There are 2 protein chains.
Amino acid sequence: MSTAEQPTPARRRGRRPGGQDTRAALLEAAREVFGESGYEGATVRAIAARAGVDAAMVNHWFGGKEALFAQAVLKLPFDPVQLLSDLMDGPVEELGERIVRRFLTAWDSTEGGAFPALVRSIAGHEQAALSLKDFLIRHVLENVVRHVSPDRPELRAALCASQIAGMGMARYVAKFEPFPATGIDTLAAAVGPTLQRYLTGEID
Amino acid sequence: MSTAEQPTPARRRGRRPGGQDTRAALLEAAREVFGESGYEGATVRAIAARAGVDAAMVNHWFGGKEALFAQAVLKLPFDPVQLLSDLMDGPVEELGERIVRRFLTAWDSTEGGAFPALVRSIAGHEQAALSLKDFLIRHVLENVVRHVSPDRPELRAALCASQIAGMGMARYVAKFEPFPATGIDTLAAAVGPTLQRYLTGEID
């Protein structure tokens with residue numbers, strides 16, 4: 001996909017407010033089709049057809065099926081495609097700390113409401129939440145891992161995911177004091193090396 | 001408390017089956033009183049009075065308020081008092097691995113049903129689950145931490161709790177493949193050093 005042809009929704013919104021109708025129609029259609037068919041079963045073509053627009057509009061407004069899913073079905077406080085490129089942008093040896101900082105900054109911005117909702121959905125076996133979990137681990141975390149470590153990328157990604165999910169539980173759900181009020185710098189220093197070892201270090 | 005005067009419930013059950021009435025009455029009274037007053041507000045005296053037995057029976061049958069709480073209100077697959085003494089029994093430098101092994105062995109034995117139920121209760125702000133969480137962190141984890149590290153025990157305990165909760169999420173709730181089917185030895189080697197650093201290592 002060419003970024004030159006795909007301004008961010010924010011920029012596009014400013015220039016072509018009428019296009020919001022297309023975006024809103026796609027979001028509504030996406031919620032329906034993902035709900036009916038699950039993440040894997042839903043196609044961009046089917047979503048666009050339901051919205052009555054051209055399939056190219058999905059890339060244009062959302063950057064693809066994955067990002068549309070995240071924005072339509074689950075209120076992620078970040079764009080997964082953007083997240084992946086942000087994480088890869090910087091020294092490999094600081095990747096663990098970058099993940100901690102990005103995770104906490106993004107979910108802190110929702111004032112703690114979005115992460116518990118996601119946990120409840122996953123614990124309740126809601127299909128959209130399970131699909132999101134698979135998507136974030138397979139398409140974001142595993143991609144990060146494969147860039148830095150050829151050795152057991154699935155296990156390394158799952159280990160990272162365990163500590164990341166645990167941070168969310170500690171800060172937003174179960175509230176393990178003093179975790180919720182501890183500064184991001186302190187947590188990046190404490191938890192960053194854990195993720196760094198899971199990503200690039202010895203794990204046996 | 002004197003262990004000589006307090007055989008385990010299992011032994012006592014064998015020798016004095018009639019006593020089971022007392023034990024059952026205490027469990028029922030405990031569920032009521034903890035539910036009404038919360039963990040901190042409930043007293044052993046009030047629970048025993050509700051059950052119509054002497055307060056000494058709580059120590060006799062359960063080893064104290066904490067263990068009664070765990071057994072009455074939440075179906076923990078271990079006895080917290082026993083857990084604490086098991087964890088402290090062994091080399092300090094293997095404490096991280098011991099915690100991983102004890103955690104996975106205990107919850108694996110419930111075939112995965114008990115941990116998701118606990119997470120749902122905590123995410124749903126059920127008082128008993130929140131009290132259990134406080135109890136496990138304050139009375140078990142923080143006690144372990146204070147034995148090995150005088151430096152910031154609350155933060156170290158919360159960091160440990162974050163990785164322990166994350167293991168539970170990865171193995172029993174969200175199922176981050178291949179975490180659920182990975183052997184305990186592999187996970188002890190991978191995650192043990194994380195807990196060890198949170199317990200005794202540099203965290204800033």
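Just so it is clear, the values below take in all heavy atoms, side chains as well, and ignore hydrogens, waters and symmetry mates. Here the structure is a predicted model, which is why all the values come from computation and not from measurement. Lettering follows sequence order; numbering is per chain, from 1.
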Within the supplied structure, the quantity of interest is the number of heavy atoms (other residues, nucleotides, ligands) at a distance under 6.0 Å from A/Glu36 CD; does it exceed 12?
yes
Need one label for B/Arg138: side chain, backbone, both or neither, based on atoms under 4.5 Å from any heavy atom in chain A.
side chain
Is it the backbone or the side chain of A/Leu187 that comes under 4.5 Å from a heavy atom of chain B, or both, or neither?
side chain
Is the backbone of A/Ala190 close enough, under 3.5 Å, to the side chain of B/Arg197 for a donor and an acceptor to pair up by distance?
yes
B/Arg45, CZ atom: more than 12 neighbouring heavy atoms under 6.0 Å
no
Quick check on the interface: out of B/Ala158, B/Gly124, B/Ala170, who has the most heavy-atom pairs with chain A under 4.5 Å?
B/Ala158
For chain B, which candidate among A/Pro193, A/Gly192, A/Ser162, A/Ala165 shows the most heavy-atom pairs at distances under 4.5 Å?
A/Ser162
Interface residue of largest heavy-atom contact number with chain A, from B/Gly201, B/Ala161, B/Ala157, under 4.5 Å:
B/Ala161
Checking side chain to side chain contact (heavy atoms under 4.5 Å, CB included) for the pair B/Met169/A/Val119: CA distance, chi angles, key distance, verdict?
CA-CA 9 Å; B/Met169 292 296 292; A/Val119 170; 4.1 Å; yes
What distance do A/Phe176 atom CZ and B/Asp134 atom CG have between them, rounded to the nearest 0.5 Å?
9.5 Å
Between B/Arg171, B/His125, B/Glu154, B/Arg152, which shows the greatest number of heavy-atom pairs under 4.5 Å with chain A?
B/Glu154
Is the side chain of A/Lys175 donor-acceptor paired with the backbone N or O of B/Leu130 at a distance under 3.5 Å, no angle test?
no
Okay, A/Glu177 and chain B: the region with an atom under 4.5 Å from a heavy atom over there is both
A/Ile137 versus chain B, the contacting section by heavy-atom distance below 4.5 Å
side chain
Among B/Ile122, B/Thr194, B/Val173, the residue with the most heavy-atom pairs under 4.5 Å to chain A is B/Thr194
Flag side-chain contact, heavy atom, 4.5 Å: B/Val191 against A/Leu159:
yes
